[in-house]
Amino acid sequence: MLYGTNPEEALANIRQRAGQSSQPGANRDGRKLALVIEGGGMRSVCSGAGAAALAQLGLSAAFDEVYATSAAVMNASYFLSDQPLLGMSVYFENCRNGRFKNPWRFWKVIDVDYIIDRVAAVEKPLDIKRVMASPSTFYISVCDSRTGEIVVVNTRTASTPLLDVCRAAMAIPVFYNRTVPVEGRPCIDSGTVLPFTLQQAIDNGCTDILVLLTRPAQFVERRPPWHFRRAFGYLHAWENSRLRRAYSRRHKDSTRQRDLALGRLQPPPGINIAAICPDDELSIETFITCERQTWPAAISYGRKTLSLFGEDSRHLVWADHAA
């Protein structure tokens with residue numbers, strides 16, 4: 001149920017932070033805690049359930065840094081604003097209608113603007129002020145569409161508004177098929193080239209890292225099929241060899257990150273990593289919106305998170321609330 005390098009020690013250090021003062025620089029335990037959240041379209045319902053369970057455990061302000069990729073930026077945002085119930089409801093109420101996903105709307109199969117401009121701004125308003133005031137530094141990863149480079153945006157210092165950075169993080173090529181400007185760069189979903197940014201957390205000096213994965217531990221990253229590469233090249237990376245190369249080597253870069261998260265590749269000494277994964281039999285695919293699949297997967301992931309932190313897994317607040 002738990003993977004990584006010294007994962008029990010990582011969880012123990014995170015538990016120790018609960019209830020303590022978590023203003024930047026106020027902790028004197030000598031540890032730097034990070035939460036890394038993987039996205040992946042509707043697969044993110046799992047990491048969203050994990051984040052909601054962490055909020056239930058009183059850990060919304062426990063992490064020094066929070067890193068999110070792709071659709072997980074909404075999980076992280078609602079987590080940092082301490083609105084986990086609202087965040088989970090987006091998956092089961094807003095992502096299941098034709099406004100969000102419509103295969104016949106070929107110019108915008110996935111309407112990211114609906115989630116940002118209607119849901120997060122109006123129907124289920126994200127408390128942006130609370131996110132920005134969080135003691136956790138919030139990093140959102142996007143991909144520069146000109147170069148294929150991963151750009152990790154510090155939302156505390158960025159001039160681009162938070163919701164626009166989130167929009168760029170979810171701008172999945174082909175299905176949304178436009179770039180979003182972030183700090184002067186035309187950006188797309190960084191999940192196009194890398195599923196999560198664990199290495200960046202390590203490079204930033206984080207010592208205890210919890211990774212919420214949306215793929216089972218047995219998952220093996222494959223090179224994108226030729227027809228995917230061809231479609232990506234024609235529709236989004238025409239005459240852009242650097243972005244095409246970044247996309248085509250995605251499986252290699254992603255495998256290294258996943259091996260690091262799961263403990264198959266050792267981090268530098270002194271770094272503890274704990275990773276939580278969905279069960280293989282409950283894993284879901286990127287664009288699956290059927291509640292008969294997403295609900296059991298989310299419930300299982302949320303309960304697993306509670307259990308790993310030593311809490312009664314039967315009492316998952318957001319599930320009880322929804323029921």
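Count residues from 1 along the sequence.
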Do you see a donor-acceptor pair shorter than 3.5 Å between the side chains of [X] and [Y]?
X: Y176; Y: D189; result: no
X: E65; Y: S136; result: no
X: Q83; Y: D127; result: no
X: N75; Y: S44; result: no
X: T160; Y: E183; result: yes
X: N97; Y: Y114; result: yes
X: N204; Y: Q200; result: no

*Might you work through the side chain to side chain contact (heavy atoms under 4.5 Å, CB included) test for I273 and N6, ending with a clear yes or no?*
CA-CA 6 Å; I273 300 173; N6 304 320; over 6 Å; no
*Take K32 and D208 through the test salt bridge (Lys or Arg N to Asp or Glu O under 4.0 Å) and record every step on the way to the result.*
CA-CA 6 Å; K32 188 175 183 182; D208 298 271; over 6 Å; no
Tell me whether [X] contacts the main-chain N or O of [Y] through its side chain, where contact means a donor paired with an acceptor under 3.5 Å.
X: S70; Y: A72; value: no
X: E38; Y: T214; value: yes
X: Q266; Y: G263; value: yes

Test: ring-ring contact (aromatic ring centres under 6.0 Å, His included). Region: [range]. Which pairs qualify, not counting sequence neighbours?
range: residues 142-170; result: none
range: residues 133-174; result: Y67-Y139
range: residues 70-90; result: none

*Identify the residue among R215, R256, R249, R250 that makes a salt bridge (Lys or Arg N to Asp or Glu O under 4.0 Å) with E221.*
R250
*Please assess R31 against D64 for the test side chain to side chain contact (heavy atoms under 4.5 Å, CB included), listing each intermediate value before the final yes or no.*
CA-CA 9 Å; R31 313 302 297 175; D64 297 290; over 6 Å; no
*asked:* Nearest 0.5 Å, please: how far is CD in Q257 from CG in L265?
replied: 9.5 Å
*asked:* Quick test of your reading of the model: are D113 and R178 salt-bridged, counting only N-O distances below 4.0 Å?
replied: yes
*What's the shortest heavy-atom distance between L2 and A275, and which atoms?*
CD1-O, 3.7 Å
